[in-house]
Amino acid sequence: GAGVSQSPRYKVAKRGQDVALRCDPISGHVSLFWYQQALGQGPEFLTYFQNEAQLDKSGLPSDRFFAERPEGSVSTLKIQRTQQEDSAVYLCASSSRLAGVIQETQYFGPGTRLLVL
Amino acid sequence: QKEVEQNSGPLSVPEGAIASLNCTYSDRGSQSFFWYRQYSGKSPELIMSIYSNGDKEDGRFTAQLNKASQYVSLLIRDSQPSDSATYLCAVNKIRDDKIIFGKGTRLHILP
């Protein structure tokens, strides 16, 4: 079956530009996660949705970062007024996990590589 | 102190030998532990999960968990060149949905 897909795969933005990154989770997966991975680092948690509810956004680095999942499937991560330090790979993952159930496998998408010039 | 610590490597191991990867975590409330493999330019792929103290084996991979020492390890037997990758240790806390990753250990299997 189809895995997690992300688009675009690569994005080059000028500093100050707004960008929108899309994630299509595995069909039926209720949980969706966004991570930021800088070069040579592990993925850093950004935010988490269960269906359409954003349950945790503690990892978003600033108020320039905003995520939504209005219908509980596709999610968009928006970065306003991009800065050079936003350059990273943005990974999306989904799982069938329900709250209160032991952690289920998170399946990662291929990521969006963002370069801010 | 980082929540999940790993030696960044690179760790070089001869082909056919055992590769041993280690990870420590700071939060005693952690309940689930994962090892992900990440090839260069690719996304992480789960290879092992472990939830209770002791060893868990899956093919050439063995995960070991010691909650008292807050220590997780991954052993790869009969190492192959295709095992060359970055291995990410990750933990999840009770009633917390997010996974915390370490920086990863780069493993290089020498042919």
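FYI, side chains are in, hydrogens and waters are out, and symmetry mates aren't considered; it's all heavy atoms of this structure. Lettering follows sequence order; numbering is per chain, from 1.
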Segment of A:P110 engaging chain B (4.5 angstrom heavy-atom cut-off)
backbone
Look up atom CD in A:Q106 and atom CZ in B:F34, then write down how far apart they are to the nearest 0.5 Å.
7.5 Å
To the closest 0.5 Å, what do you measure between OG (A:S95) and CG (B:L46)?
11.5 Å
Go through B:P44, B:G104, B:S8 and name the one with the most non-hydrogen pairs under 4.5 angstrom from chain A.
B:P44
Between A:G42 and B:L88, what is the shortest heavy-atom contact and its length?
CA-CD2, 4.0 Å
At a heavy-atom separation under 4.5 Å, does B:Q6 approach chain A through its side chain, its backbone, both, or neither?
neither
Would you say A:Y35 ends up clustered with A:Y107 if hydrophobic residues are merged whenever their side chains have heavy atoms under 4.5 Å apart, either directly or through other cluster members?
no
Is it true that, when you exclude A:L39 itself, more than 12 heavy atoms of the residues, nucleotides or ligands shown sit nearer than 6.0 Å to its CG?
no
Note: B:I99 and A:F45 closest approach over all heavy atoms is O-CB, 4.3 Å
For A:R15, is the CZ atom crowded, meaning more than 12 foreign heavy atoms sit under 6.0 Å from it?
no
Transitively linked via ILVMFWY side-chain contacts under 4.5 Å: A:I79 with A:V89?
no
Mark yes when over 12 heavy atoms from residues, nucleotides or ligands other than A:E85 sit less than 6.0 Å from its CD; otherwise mark no.
yes
Please name the pair of heavy atoms, one in B:K98 and one in A:S58, separated by the smallest distance, quoted to 0.1 Å.
NZ-OG, 3.1 Å
Should we say atom NZ of B:K56 is surrounded by more than 12 heavy atoms from elsewhere, each under 6.0 Å from it?
yes
